[in-house]
Amino acid sequence: MPFIPHTEKDIAEMLKAIGADSIEDLFDEIPANLRSAGLQDVPTSTNEMEVTRVMHERADQDARTLCFLGAGAYEHHIPAAVWELTTRGEFYSAYTPYQAEASQGTLQLLYEYQTMMASLTGMDVSNASLYDGASSLAEAVLMAVRANRKSKAKRILMPRSVHPAYRKVAHTIVHNQGIALEELDYDRSSGIIDPDSLPKDPGDFTALVIPQPNFFGNLEEVDTLTDWAHQHGALVIGVVNPTALALITPPGEWGEIGADIACGEGQPLGAPLASGGPYFGFMCCRQTYVRQMPGRIIGRTEDLDGKEGFALTLQAREQHIRRSKATSNICTNQGLLVTAATIYMALLGPQGLQRVASHSHANTVKLADRLVDKLDGAEKVFDRPVFHEVVVRLKQPVRDVLQGLSEEGIVGGYPLAEEYPELDNCLLLCATETKTEADLDAFVEAVVRIAGRL
Amino acid sequence: MPFIPHTEKDIAEMLKAIGADSIEDLFDEIPANLRSAGLQDVPTSTNEMEVTRVMHERADQDARTLCFLGAGAYEHHIPAAVWELTTRGEFYSAYTPYQAEASQGTLQLLYEYQTMMASLTGMDVSNASLYDGASSLAEAVLMAVRANRKSKAKRILMPRSVHPAYRKVAHTIVHNQGIALEELDYDRSSGIIDPDSLPKDPGDFTALVIPQPNFFGNLEEVDTLTDWAHQHGALVIGVVNPTALALITPPGEWGEIGADIACGEGQPLGAPLASGGPYFGFMCCRQTYVRQMPGRIIGRTEDLDGKEGFALTLQAREQHIRRSKATSNICTNQGLLVTAATIYMALLGPQGLQRVASHSHANTVKLADRLVDKLDGAEKVFDRPVFHEVVVRLKQPVRDVLQGLSEEGIVGGYPLAEEYPELDNCLLLCATETKTEADLDAFVEAVVRIAGRL
Amino acid sequence: MLIFEQSRSGRTNPPQAPLQDVAIDDIPDQFRRQSKPTLPEVSEMQAVRHYTRLSQKNFSIDTHFYPLGSCTMKYNPRGCNTLAMLPGFLRRHPLSPDSMSQGFMACMFELQEMLKDVTGMKAVSLAPMAGAQGEFTGVAMIRKYHESRNDDARTEILVPDAAHGTNPATAVMCNYKVREIPTNDQGDVDLEALKAAVGPQTAGIMLTNPSTLGVFERKIKEIADIVHEAGGLLYYDGANLNAILGKVKPGDMGFDVIHMNLHKTFSTPHGGGGPGAGPVGVSQRLEPYLPVPLLSKEGDQYRWLTDNERPESIGKLSTFMGNAGVLLRAYIYARLLGKEGMHRVSEFATLNANYMLARMRDAGFELAYPQRRATHEFIVTMRKQAKELGVNAMDFAKRLLDYGFHAPTTYFPLLVPECLLIEPTETESREDIDAFIEAMIAIQNEAETTPETVKQAPYTLPVRRLDDVKAAKELDLAWKPE
Amino acid sequence: MLIFEQSRSGRTNPPQAPLQDVAIDDIPDQFRRQSKPTLPEVSEMQAVRHYTRLSQKNFSIDTHFYPLGSCTMKYNPRGCNTLAMLPGFLRRHPLSPDSMSQGFMACMFELQEMLKDVTGMKAVSLAPMAGAQGEFTGVAMIRKYHESRNDDARTEILVPDAAHGTNPATAVMCNYKVREIPTNDQGDVDLEALKAAVGPQTAGIMLTNPSTLGVFERKIKEIADIVHEAGGLLYYDGANLNAILGKVKPGDMGFDVIHMNLHKTFSTPHGGGGPGAGPVGVSQRLEPYLPVPLLSKEGDQYRWLTDNERPESIGKLSTFMGNAGVLLRAYIYARLLGKEGMHRVSEFATLNANYMLARMRDAGFELAYPQRRATHEFIVTMRKQAKELGVNAMDFAKRLLDYGFHAPTTYFPLLVPECLLIEPTETESREDIDAFIEAMIAIQNEAETTPETVKQAPYTLPVRRLDDVKAAKELDLAWKPE
């Protein structure tokens with residue numbers, strides 16, 4: 001039987017030891033009228049050979065694309081070693097390290113991960129992961145409400161320059177608790193929150209969310225924003241791209257005293273695009289707030305002999321101990337992706353990550369410049385330094401351009417108008433370090449060709 | 001530097017410890033006039049990202065084919081677990097288990113492999129692998145000359161129904177030692193060595209090679225052939241397909257006392273087609289001849305505490321001990337492929353391998369029947385039970401048919417005329433268990449369509 | 001040794017990044033990072049060797065019997081991993097147009113249909129990224145359902161006292177008050193207490209069936225009737241679905257909403273703590289509230305429904321569509337098992353658990369519910385050993401590691417003192433189960449003769465027993481350069 | 001426990017074979033197997049668990065420093081493996097038409113060109129499947145060369161006494177007599193002895209340079225002249241090519257034919273004992289004799305030359321074209337290193353070896369050739385320890401395992417008593433080399449104070465020292481059912 005090792009002899013002897021006549025008898029406490037009549041919509045079983053063929057065909061159907069889309073998920077080169085190691089059975093098929101002594105591999109790796117992330121964000125501590133970028137922002141909002149004891153307002157300032165999906169997810173997760181997410185608009189010419197537009201007297205608010213880079217790729221005035229929020233007794237939640245942190249100021253160094261919580265999407269650190277998941281969310285914070293942090297945290301400690309070892313710690317925050325008073329309901333997180341991220345960061349090192357970041361930046365700028373140069377009427381929408389995404393407005397309907405590109409196997413960027421009606425015919429473009437000169441040219445030529453037909 | 005961990009500081013300190021001023025100085029014993037002027041034809045270095053792209057493009061160029069070609073390499077389903085385990089670093093990046101205590105993983109696995117192969121061939125013992133099927137036959141010939149002390153002739157009867165490449169390789173490797181490979185023709189209607197055609201008085205010969213199945217897929221009269229050779233004081237070398245052994249009589253059970261040496265290509269046991277290698281050659285023999293066997297052999301023994309363990313044994317046969325008197329010059333063998341084969345056999349078990357064999361047989365027969373049925377003038381050439389290959393003659397020039405098939409992504413069989421001029425317009429076809437009904441039909445339809453155009 | 005302790009300033013691994021530096025002068029200095037992050041500077045081999053060796057320090061399914069109750073640690077077929085990682089799947093951007101995504105979407109749609117069938121629910125969303133997020137989704141839908149009927153009085157969620165901690169934690173995240181319902185001495189929900197607890201304030205009840213006590217809730221239909229009559233809805237926590245797969249459908253038991261832990265029942269890997277996937281299934285009346293994105297099929301084309309087409313949805317749960325790669329693995333597993341294989345999962349999980357229970361009982365261990373059938377798991381209590389020998393459940397757990405077995409779940413559920421919750425799963429052989437029993441018997445002997453041996457365990461692991469108190473008191477959560 | 005001991009009759013793993021039986025009535029009974037082969041009957045998880053656990057019992061590059069002299073155990077980049085296993089490469093049948101194989105053939109052709117460049121040879125064949133087969137190929141070509149000139153008197157191959165065992169074994173396979181040439185006390189070939197040995201009977205000489213003694217043969221040009229003048233040819237055993245890659249080309253030293261061990265210098269994995277690949281390079285005069293198949297490029301198309309186009313070839317060496325997958329890995333590695341990276345391999349291999357040598361000398365260990373530079377490897381001799389303390393080279397080797405290091409090569413070359421041949425390779429860090437030295441010093445202390453500790457080692461491995469004599473005397477080469 002698939003994945004079941006029992007022989008007929010085993011079954012007979014085991015039933016005898018139990019004192020039952022048949023396996024069916026073992027279900028005798030289940031009321032007969034509830035018993036399932038069988039399955040209709042599950043196909044008959046296949047073997048690995050057949051399913052291999054199906055999956056190869058389906059993967060092939062979607063393959064061989066050239067991708068200039070970012071918008072929260074970024075195509076970076078992932079060293080082969082990352083997933084060859086990550087999928088080793090000892091990582092892949094273990095569970096949450098409840099028995100620390102039998103899980104030192106995972107535990108030490110997570111401690112190393114926490115060290116890397118804390119350092120990358122410039123914060124004191126990191127947890128061991130959340131689900132993804134959007135849900136990490138939602139958890140950061142909940143955490144800020146717990147952590148900011150001075151504020152009673154349950155009011156979060158949420159810029160429109162934050163990823164629209166993140167804002168939606170945060171809303172889904174926090175709104176039932178009476179937390180208000182209040183929009184902050186962005187400046188139409190710079191594409192960032194205009195520091196001059198911040199209210200002098202904003203009233204009681206719990207936290208300000210600052211995206212860096214923001215959804216448009218633009219770099220926000222993080223220092224001013226951070227200090228402004230702190231001056232008004234609010235916490236600062238930085239939503240950051242981890243690759244960018246190799247290049248730009250980390251949240252821990254924003255303004256006078258730095259952000260209070262940093263969170264974001266871990267995908268750029270070794271997770272493939274893979275249709276959107278599994279990725280992982282990261283979260284770091286000041287030491288002060290560590291007991292308000294959701295999710296697993298690993299600590300270094302000693303064993304009976306005084307030897308260094310690692311264990312889950314601060315479990316009193318978690319649902320399996322604290323139940324209804326836990327900091328979050330999260331249990332299973334994204335351990336395997338964090339394994340990949342840790343190995344990814346170890347393989348790249350500070351220099352490698354910095355090069356990935358700077359090449360992604362340079363390619364994106366080059367792409368936009370060439371497109372504006374070659375395509376009549378195309379223009380950059382914002383006059384602002386960017387990281388690795390940029391907004392370009394076309395004269396042509398972008399839906400048609402994207403459709404044309406898709407027919408040539410090109411995923412051509414993110415059409416902004418759906419979420420930002422004011423940005424009609426604007427594309428959010430991204431060209432990471434994976435793109436060659438020839439790729440950039442191929443994209444620009446394809447757009448010019450397609451636009452010419454419209 | 002790629003794969004070199006040294007920092008500038010390391011280099012300086014190490015040179016100091018050595019007492020040298022520069023790395024260049026370490027080469028001061030090499031005459032200056034020999035020093036290389038540099039490289040011309042090696043391209044500049046790429047990173048893994050770039051080479052990944054190149055390799056994906058090249059692999060894609062050759063992909064998506066439907067293969068009905070066997071002729072010594074067979075497409076079987078390989079369980080995913082086989083190579084996920086085989087490429088674990090501990091197997092992949094270890095070497096020949098010279099330090100037994102630090103290599104028990106590989107050693108025990110090889111002992112298990114020897115057990116499986118000996119049992120599959122019905123022989124007493126197995127070595128731990130040779131390079132491939134053809135070279136294993138060459139080694140078997142050399143071994144037979146050493147082992148058959150009664151024969152002085154250095155004369156091997158080599159049927160034409162043995163794989164042509166095997167015969168060529170055997171010639172390359174043994175002919176310098178004055179060993180004659182004497183051809184035995186096959187019967188034109190049955191496609192096997194006609195037992196009735198065997199000479200009554202063949203004279204002194206060292207060994208008879210018996211292929212089962214033979215190159216045409218036909219099953220030879222192994223019992224009669226084996227007994228005939230033994231009656232004349234010759235040894236019997238069986239060249240067998242390991243998948244077939246799940247279904248048909250193993251060499252150890254041929255005739256009255258069985259074959260003396262069994263060898264063959266291990267590829268069907270878990271090695272991908274992969275352009276021809278690495279595969280592995282297997283070799284098994286009677287216990288009597290074990291000291292004449294080439295290659296590594298693993299034995300079970302005990303450690304200082306009496307605990308079971310495994311070690312290389314009978315090393316006195318090998319080149320690193322015996323030098324010019326060794327049984328072969330082989331050193332590195334195909335360890336990793338044997339690792340894959342062992343895991344493959346463990347995952348399939350006797351029932352699984354038997355099903356692979358029987359489905360491959362049934363598909364091949366079906367393919368030939370359908371082709372003969374649908375294509376005017378096509379006929380099976382031999383009236384003989386086959387394993388999983390069959391010879392079909394077309395009315396059309398097979399080169400043109402194959403060319404037409406290749407344009408549709410079909411690898412359409414082996415044209416026999418080049419090696420067997422008497423078999424003009426004959427194709428050797430193979431359809432393993434990987435082929436579906438639809439595949440068989442697609443092949444037949446394509447051939448009919450192409451033949452119709454010719 | 002930590003990877004940082006192998007780091008040397010200036011050591012690089014050039015093949016894994018662009019080979020050249022590139023100018024980034026257009027980013028003003030004010031935005032540029034000044035400090036160098038503490039990422040390791042190691043060679044590729046150092047990293048490979050370090051993480052290979054670390055991995056070897058783990059127990060895992062691929063190396064050890066791992067009867068961790070409530071976690072369903074069963075074999076994760078390797079083929080599921082290999083096939084989910086084909087380049088065509090890995091390189092697909094989540095926002096790729098539907099026209100470039102039909103291969104992937106076909107898998108997802110078929111998985112959705114299969115999950116509907118095995119759970120008996122009317123619709124399924126694949127969006128939740130883990131069990132706990134599935135729970136959140138379910139309770140959020142219950143809330144939205146009551147809100148849509150302007151039934152604002154419903155402020156309480158009922159939760160049995162044996163429930164997973166995620167249940168009350170989730171209810172609170174949805175702003176519900178939690179009311180605990182006691183369990184009777186048979187391990188069933190106390191029906192009288194339930195009747196007394198329900199009322200117009202009842203939004204719903206969260207149940208696991210079989211419960212965390214390892215027994216099937218026999219009165220599930222009565223419970224459903226009581227809650228439904230009070231106007232509440234029933235939430236099924238699918239953590240233990242492996243026990244009844246193909247045998248009973250939660251939809252037939254009267255549940256309105258259910259989540260499934262695909263990393264348990266559908267054998268996607270636990271990954272050292274995730275990722276999981278927690279799809280939800282709902283009855284007709286909750287269908288409008290399912291989270292987005294939702295997949296539909298029109299003719300032979302697959303399409304993501306837009307937010308506008310799902311106006312009553314509780315909304316998005318993740319940036320994109322959830323844990324796609326986990327869902328792919330579950331899909332492949334389901335195809336391998338097929339219609340014929342689903343019910344065998346629960347049958348052999350149950351056979352193994354009941355066999356273990358019988359053998360442990362015969363060996364003198366005390367069962368928490370001796371009069372009940374085990375489902376896919378069961379509980380023994382070490383209260384006698386703790387009291388009489390000073391050897392507690394944790395000591396047994398640690399000593400088991402020395403014998404080469406991962407420990408069962410300890411001290412959960414909280415109801416049973418000194419408990420071990422044991423779940424063998426269907427993929428373990430009788431021989432391995434027997435070996436586990438023999439180890440337990442051997443440890444029992446040690447506990448009786450040399451209790452210190454057990455209390456000081458483990459001895460053969462990479463570390464001996466760790467000081468959790470020190471870990472929590474002297475927090476050391478990140479390595480700092482000297 | 002052996003896999004067979006986990007086998008139970010009737011246990012199957014259906015997902016890995018066709019799900020149904022099929023009738024095979026057309027195969028007459030006389031051909032049908034009657035006995036059931038001793039293949040294990042285990043579940044997929046049992047197999048996965050068994051081989052995962054077995055793997056953990058190995059030392060390997062990915063887990064340990066492995067300074068096995070003459071074997072060049074350096075890091076095998078993971079990317080080479082991943083990319084060589086892309087489905088397009090794995091599924092290509094070796095006899096696929098050239099038109100369906102241009103992607104693969106492009107890689108092979110480019111590898112061929114690169115290998116010509118780094119070795120300074122005029123033509124290269126990728127056919128040989130390992131170093132020893134490369135040697136056979138080379139000597140067979142030498143024989144064919146002489147035969148083609150009707151120079152039948154040449155019956156001897158010269159081999160230095162320090163040579164690998166494969167050299168004399170190969171010469172004999174090609175029906176040559178072997179004449180050993182002694183080494184002088186500097187580790188160089190004794191030129192006077194060589195001069196005395198050459199003559200019209202000399203077919204050629206097989207040399208490794210640097211030699212197996214870890215030193216560069218300084219008089220290589222004189223040797224070449226002596227042998228060439230006598231009408232013989234020079235064979236270069238490429239086992240130690242890692243020492244001179246990018247620094248000296250064998251072609252420039254005067255060699256006529258060379259093999260390369262790609263699993264050493266080009267870092268393809270050693271795989272627990274292979275596969276390797278042993279391409280051969282030749283000078284112009286040996287080019288006609290290269291083994292088939294041979295790859296050519298015409299325009300932008302790649303093509304296998306037919307046997308007819310290579311009438312003087314020594315013939316085929318393998319069923320198809322050799323170890324294609326190994327060649328792919330070497331190709332990828334070469335692309336990663338590039339023109340700029342080749343010479344660094346030898347530079348840092350040499351730096352590491354000389355550093356180790358200096359540190360061991362300073363620690364009091366006796367060098368075999370103290371007056372010579374190390375190349376990529378060097379030899380220490382334990383003859384003093386063996387004589388004075390009763391602790392020999394093998395004891396040191398075994399004790400090193402306890403310290404977490406794979407042992408160097410022991411008792412080879414045979415010339416140096418109680419020797420350890422130590423090759424760190426370029427991929428090891430200074431810290432790991434230092435740790436190895438510290439271990440050697442610690443073992444030396446043990447040898448002096450508690451020699452039995454060393455003589456009984458190892459203690460911490462899966463087994464203690466194994467009984468090789470019993471293994472050879474009471475041959476147990478296959479498990480038998482009880």
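Every chain is numbered from 1, with letters handed out A, B, ... down the list of sequences.
Contact annotation for D:Pro462: both backbone and side-chain heavy atoms come within less than 4.5 Å of a heavy atom of chain B. Interface remark: B:Phe27 contributes side-chain atoms only to the contact with chain D (heavy atom separation under 4.5 Å). Contact of B:Ala346 with chain D is made through backbone and side chain together, with heavy-atom distances under 4.5 Å. Only the side chain of D:Ile220 has a heavy atom closer than 4.5 Å to any heavy atom of chain B. For B:Val356, the parts sitting under 4.5 Å from any heavy atom of chain D are the backbone and the side chain alike. Using a 4.5 Å cut-off between heavy atoms, D:Val178 contacts chain B through its side chain alone, with no backbone atom that close. Residue contact with chain B, scored on non-hydrogen atoms closer than 4.5 Å, involves the side chain of D:Ser99 exclusively. Contact of B:Glu265 with chain D is made through the side chain alone, with heavy-atom distances under 4.5 Å. In this structure, the portions of B:Glu302 lying under 4.5 Å from any heavy atom of chain D include both its backbone and its side chain. Residue D:Arg372 touches chain B through both its backbone and its side chain, counting heavy-atom pairs closer than 4.5 Å. If you measure heavy-atom distances from B:Leu109 to chain D, the contacts under 4.5 Å come from both the backbone and the side chain. Contact annotation for D:Tyr75: only side-chain heavy atoms (C-beta onward) come within less than 4.5 Å of a heavy atom of chain B. Using a 4.5 Å cut-off between heavy atoms, D:His64 does not touch chain B at all. For D:His93, the parts sitting under 4.5 Å from any heavy atom of chain B are the backbone and the side chain alike. Both the backbone and the side chain of B:Thr115 come within less than 4.5 Å of a heavy atom of chain D. Both the backbone and the side chain of B:Ala71 come within contact range of chain D, judged by heavy atoms closer than 4.5 Å. Interface residue B:Phe310: backbone and side-chain heavy atoms are both found under 4.5 Å from chain D. When heavy atoms are compared at a cutoff of 4.5 Å, B:Ile330 approaches chain D solely by way of its backbone atoms N, CA, C and O. When heavy atoms are compared at a cutoff of 4.5 Å, D:Ala171 does not approach chain B at all. Both the backbone and the side chain of D:Arg344 come within contact range of chain B, with heavy atoms under 4.5 Å apart. Both the backbone and the side chain of B:Gln40 come within contact range of chain D, each with at least one heavy atom under 4.5 Å from a heavy atom of that chain. Contacts between B:Glu57 and chain D at a heavy-atom distance below 4.5 Å are absent for every atom of the residue. Interface remark: B:Asp41 contributes backbone and side-chain atoms alike to the contact with chain D (heavy atom separation under 4.5 Å). Using a 4.5 Å cut-off between heavy atoms, D:Met73 contacts chain B through its side chain alone, with no backbone atom that close. For a residue to count as touching a neighbouring chain, one of its non-hydrogen atoms must lie under 4.5 Å from one of that chain's; by this rule D:Leu336 touches chain B with backbone and side chain alike. At a 4.5 Å heavy-atom cutoff, D:His343 makes no contact with chain B through either its backbone or its side chain. Heavy-atom distances place both the backbone and the side chain of D:Pro18 under 4.5 Å from chain B. When heavy atoms are compared at a cutoff of 4.5 Å, B:Thr342 approaches chain D by way of both its backbone and its side chain.
B:Glu433 and B:Arg355 are not joined by a salt bridge, as no carboxylate oxygen comes within less than 4.0 angstrom of a charged side-chain nitrogen. The pair B:Arg88-D:Asp62 does not count as a salt bridge, with every side-chain nitrogen at least 4.0 angstrom from each carboxylate oxygen. The pair D:Lys57-B:Glu90 fails the salt-bridge criterion, with no side-chain N (NZ, NE, NH1 or NH2) lying under 4.0 Å from an Asp/Glu carboxylate O. A salt bridge does not link D:Arg465 with B:Glu101: none of the charged nitrogens is closer than 4.0 Å to a carboxylate oxygen.
A side-chain donor-acceptor contact under 3.5 Å links B:Ser119 to the backbone of D:Thr38. Of the possible polar contacts, none joining the B:Arg58 side chain to the D:Phe104 backbone as a donor-acceptor pair under 3.5 Å is found. In this structure a side-chain-to-backbone donor-acceptor pair under 3.5 Å is present from D:Asn175 to B:Asn176. Under the 3.5 Å distance criterion, the side-chain polar atoms of D:Asn323 are left unmatched by any main-chain donor or acceptor of B:Gly277. Although no hydrogens or angles enter the test, the distance criterion places no donor-acceptor pair under 3.5 Å between the side chain of B:Gln319 and the main chain of B:Asn329. For D:Arg91 (side chain) and B:Glu75 (main-chain N/O), no donor-acceptor pair under 3.5 Å exists by modelled atom type.
Of the listed residues D:Ala47, D:Ala471, D:Ser267, the one with more heavy-atom pairs under 4.5 angstrom with chain B than any other is D:Ala471. In terms of non-hydrogen atom pairs under 4.5 Å with chain D, the most contact-rich of B:Val54, B:Val365, B:Leu402, B:Thr87 is B:Thr87. Comparing B:Gln177, B:Gln114, B:Lys168 by how many heavy-atom pairs each has under 4.5 Å with chain D, the most go to B:Gln177. Top candidate by heavy-atom pairs under 4.5 Å with chain D, chosen from B:Pro250, B:Pro2, B:Pro31, is B:Pro250. No other option in D:Val248, D:Leu83, D:Leu461 has as many heavy-atom pairs under 4.5 Å with chain B as D:Leu83. Ranked by non-hydrogen atom pairs under 4.5 Å with chain B, the options D:Ala358, D:Pro28, D:Pro97, D:Ala132 are led by D:Ala132. Interface check for chain D: of the options B:Arg323, B:Gln61, B:Arg64, the most heavy-atom pairs under 4.5 Å are formed by B:Arg323. The choice from B:Ala63, B:Ala311, B:Pro272 that makes the most heavy-atom pairs within less than 4.5 Å of chain D is B:Pro272. The residue among D:Ala106, D:Pro87, D:Gly79, D:Ala84 with the most heavy atom pairs within less than 4.5 Å of chain B is D:Ala106. Note on B:Asn333, B:Asp62, B:Ile173, B:Ile30: by heavy-atom pairs under 4.5 Å with chain D, the leading option is B:Asp62.
Residues D:Lys398 and B:Gln99 bring a donor and an acceptor atom of their side chains to less than 3.5 Å of each other. No donor-acceptor contact under 3.5 angstrom links the side chains of B:Ser135 and D:Gln133, judged on distance only. A donor atom on one side chain and an acceptor atom on the other are found under 3.5 Å apart for D:Ser60 and D:Thr63. Checked by atom type, the side-chain pair D:Asn58/B:Thr106 shows a donor-acceptor distance below 3.5 Å. D:Glu347 and B:His6 share no side-chain donor-acceptor pair at under 3.5 Å. Between the side chains of B:Thr332 and B:Tyr95, at least one donor-acceptor pair of N or O atoms lies under 3.5 Å.
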Let's go through D:Phe216 and D:Ile244 carefully: what are the C-alpha distance in whole Å and the side-chain angles of both, what is the deciding distance for side-chain contact (heavy atoms from CB on, under 4.5 Å) to 0.1 Å, and is it a yes or a no? CA-CA 9 Å; D:Phe216 189 86; D:Ile244 59 166; 4.1 Å; yes
Apply side-chain contact (heavy atoms from CB on, under 4.5 Å) to the pair B:Leu39 and D:Val118, showing each step before the final yes or no. CA-CA 7 Å; B:Leu39 303 174; D:Val118 297; 3.9 Å; yes
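Under the side-chain hydrogen bond (donor to acceptor under 3.5 Å, both in side chains) criterion, B:Ser275 pairs with D:Arg92, not counting sequence neighbours.
The side-chain contact (heavy atoms from CB on, under 4.5 Å) with D:Arg335 is formed by just one residue from the set B:Thr46, B:Thr44, B:Val42; it is B:Thr46.
Rounding to the nearest 0.5 Å gives a distance of 11.0 Å between CD of D:Glu474 and OG1 of B:Thr313.
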